[in-house]
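In what follows, chains carry the letters A, B, and so on, assigned in the order in which the sequence lines appear, proteins first and then strands, with residues in each chain numbered from 1. The structure presented is a predicted model; accordingly, all values stated were derived computationally and were not measured.
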2 protein chains.
Amino acid sequence: MARRQAPGTRERILRVASRLFQENGVRAVGMQQVVEEVGLGKSLLYREFDGKDDLVAAWLRESDAAWWAAVDAALAPHDGDPAGQLLALVELVAAAAASPGFHGCVFYNTSSEFRDDDHPARQEALAHLRRMRGRLETLAGAAGAAHPGALADELMLVVGGMYATGAALGPDGPVRAGVAAAGSAIARHCATGH
Amino acid sequence: MARRQAPGTRERILRVASRLFQENGVRAVGMQQVVEEVGLGKSLLYREFDGKDDLVAAWLRESDAAWWAAVDAALAPHDGDPAGQLLALVELVAAAAASPGFHGCVFYNTSSEFRDDDHPARQEALAHLRRMRGRLETLAGAAGAAHPGALADELMLVVGGMYATGAALGPDGPVRAGVAAAGSAIARHCATGH
DNA sequence: TCAGTCCTGGACCGATCGGTCCGTAACCGC
DNA sequence: GCGGTTACGGACCGATCGGTCCAGGACTGA
């Protein structure tokens with residue numbers, strides 16, 4: 001009948017777009033640039049995705065899934081030790097924020113690039129950040145924090161701070177203080193007695 | 001000889017540009033939109049500024065100056081009490097991050113929009129953030145912190161976290177926990193004895 | 001009042017944006 | 001091998017980007 005559709009096209013596009021968006025920001029990357037670096041024509045891209053907004057949203061969904069997979073891997077060794085898992089999660093963020101070529105958390109960055117609440121990219125980004133806080137609160141509760149929500153908020157502060165300063169001030173900046181600050185917060189909220 | 005140049009043109013442009021950049025982000029605002037909202041022609045804008053990059057840099061310089069003026073005003077009541085000034089500075093950030101229509105710290109936002117280290121806007125933004133950390137370290141030293149740099153880093157984390165989460169999660173999110181976390185950090189680092 | 005000067009608004013420029021569409025050729029069933 | 005079908009690359013679209021430039025007129029000095 002006809003030639004067969006090449007497999008893995010969507011994944012290839014997503015991989016290239018992910019790298020470009022991460023390194024340069026979404027608004028700074030044009031669709032033309034994406035297809036050129038993928039080595040495909042535009043029609044392929046627009047068959048796989050409805051438009052740039054859809055591509056960006058798909059990228060964020062994939063990044064979200066990859067993040068939680070990394071979290072699961074980092075938390076597994078501390079199974080049964082929620083306080084240790086809390087610290088391991090912060091350490092995972094610290095490692096990301098201190099890695100070479102880090103340009104900020106893609107979810108915070110993208111939510112700041114698209115301010116319209118109706119924009120799908122913003123919705124995906126904010127949903128991820130809410131999930132992040134939710135996970136922290138769950139772990140905080142399991143760790144026996146007196147006020148799980150308060151501990152989760154404090155850890156979100158540390159995490160957000162590491163992302164922001166890691167991108168702006170480099171890996172030798174405040175990022176180094178993050179894990180210690182988180183440990184102090186966890187200890188303070190989970191102190192047994194009274 | 002000729003008609004005189006209308007006074008205050010530069011200031012009017014900067015005020016409009018400041019509002020647009022703050023609300024929408026820099027890349028989302030076109031020069032056409034700026035001149036339309038100012039009600040002037042493009043030639044005026046390009047006589048006052050060398051181009052968009054220059055306009056953005058000038059906006060950041062003005063925002064930087066305005067910020068330090070606000071800091072001075074907030075710290076004045078606590079003259080002679082560096083620890084209190086540290087807390088007042090954090091409270092100033094918390095108030096900004098919780099204010100309605102807050103869309104993130106313009107310096108963090110702009111540094112994430114322009115990743116090229118040679119870009120004047122990025123340079124202005126990063127310079128502001130370094131000044132911010134420097135001010136915190138100076139105050140931390142005056143407050144008798146055992147390790148002023150460490151306290152400054154921890155407070156930068158709280159500040160960056162409040163900016164990030166204030167924009168993404170709203171004023172009722174982790175921002176509320178920021179001042180308490182900062183107070184705890186200050187007390188821990190400035191504990192007298194041992 | 002008139003001539004001269006230069007401020008001013010907006011038409012205009014090439015480049016690039018996100019997105020559409022068509023000619024070509026690769027591949028299939030027969 | 002051949003005809004039909006469909007995947008594909010890239011030419012092309014209008015809109016908008018940052019930036020330039022010019023015709024017109026408002027103001028000044030005499």
Side-chain angles (χ1 to χ4, degrees), chain A residues 1-21 23-60 110 113-116 118-122 124, chain B residues 1-21 23-60 110 113-116 118-122 124:
Chain A
M1 284 262 227
R3 62 191 294 199
R4 245 178 323 171
Q5 175 173 333
T9 299
R10 187 180 175 93
E11 285 66 29
R12 275 211 297 156
I13 295 172
L14 225 30
R15 260 202 19 228
V16 169
S18 175
R19 177 174 53 83
L20 290 174
F21 289 157
E23 290 180 0
N24 306 106
V26 174
R27 293 197 113 111
V29 174
M31 295 296 261
Q32 186 62 42
Q33 188 179 355
V34 173
V35 297
E36 274 170 11
E37 301 222 7
V38 176
L40 263 36
K42 274 196 171 187
S43 55
L44 271 288
L45 199 165
Y46 281 93
R47 181 163 52 73
E48 295 294 335
F49 302 94
D50 285 345
K52 188 178 188 181
D53 291 358
D54 185 40
L55 174 61
V56 175
W59 161 61
L60 290 179
T110 306
E113 282 197 282
F114 299 96
R115 313 269 171 107
D116 180 358
D118 294 336
H119 198 291
R122 181 179 182 81
E124 291 292 337
Chain B
M1 281 263 232
R3 60 189 299 200
R4 244 178 325 171
Q5 175 175 335
T9 298
R10 187 181 175 92
E11 285 67 28
R12 275 209 298 156
I13 296 173
L14 265 178
R15 260 200 19 225
V16 169
S18 175
R19 177 173 54 80
L20 291 174
F21 289 157
E23 289 180 1
N24 306 106
V26 174
R27 295 197 111 110
V29 174
M31 296 295 263
Q32 186 63 42
Q33 188 179 353
V34 173
V35 297
E36 272 170 13
E37 300 222 9
V38 176
L40 265 34
K42 275 197 171 187
S43 55
L44 272 289
L45 200 165
Y46 280 91
R47 183 162 50 74
E48 295 294 335
F49 302 94
D50 284 344
K52 189 178 187 181
D53 290 356
D54 185 41
L55 174 61
V56 175
W59 161 60
L60 290 179
T110 306
E113 281 197 284
F114 300 95
R115 312 266 171 111
D116 181 357
D118 294 336
H119 197 291
R122 181 177 183 82
E124 290 292 337

Distance in angstrom units between [X] [atom1] and [N] [atom2], rounded:
X	N	atom1	atom2	value
B/Gln32	C/dG9	CD	P	13 Å
A/Tyr46	D/dC8	OH	P	17 Å
B/Leu45	C/dG9	CG	P	11 Å
B/Met31	C/dG9	CE	C1'	16 Å
A/Ile13	D/dC8	CD1	P	10 Å
A/Lys52	C/dG19	NZ	C1'	12 Å

Next item on the list: For B/Lys52 and B/Val26, indicate whether the former's side chain and the latter's backbone hold a donor-acceptor pair under 3.5 Å.
Entry: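 Indeed, once roles are kept as given, a pair shorter than 3.5 Å links the two residues.
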Next item on the list: Please determine if a side-chain N or O atom of B/Lys42 lies less than 4.0 Å away from the OP1 or OP2 oxygen of D/dG19.
Entry: no
Next item on the list: Please determine if a side-chain N or O atom of A/Arg47 lies less than 4.0 Å away from the OP1 or OP2 oxygen of D/dA7.
Entry: no
Note to self: Would you say that A/Leu40 contacts A/Leu45 through its side chain, given a criterion of any heavy-atom pair below 4.5 Å between the two side chains?
What the structure shows: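 No, every pair of side-chain atoms sits at 4.5 Å or beyond.
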Margin query: Can you tell me if A/Asp54 has over 12 outside heavy atoms packed within less than 6.0 Å of its CG?
Written below: yes
Next item on the list: Step through the shown structure and confirm whether more than 12 heavy atoms of other residues, nucleotides or ligands are within 6.0 Å of CG on B/Asp116.
Entry: yes
Next item on the list: Would you mind telling me which of C/dG19, D/dG9, D/dG19 lies closest to the side-chain atoms of A/Leu44?
Entry: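 That would be D/dG9.
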Next item on the list: Just jot down the salt bridge (Lys or Arg N to Asp or Glu O under 4.0 Å) partners of A/Arg15, sequence neighbours excluded, or say none.
Entry: none
Next item on the list: Rounded to the nearest 0.5 Å, what's the gap from NZ on B/Lys42 to CG on B/Leu44? Could you check?
Entry: 13.0 Å
Note to self: Using a 4.0 Å cut-off on heavy atoms, which residues in residues 33-41 of chain B reach DNA chain D? List them by number, or say none.
What the structure shows: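 None - not one residue of the stretch has a heavy atom sitting under 4.0 Å from the strand.
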Margin query: Go nucleotide by nucleotide along DNA chain C from the 5' end; which of A/Ser43 and A/Arg27 gets its closest nucleotide reached first?
Written below: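 Taking each residue's closest nucleotide, the earlier one in sequence belongs to A/Arg27.
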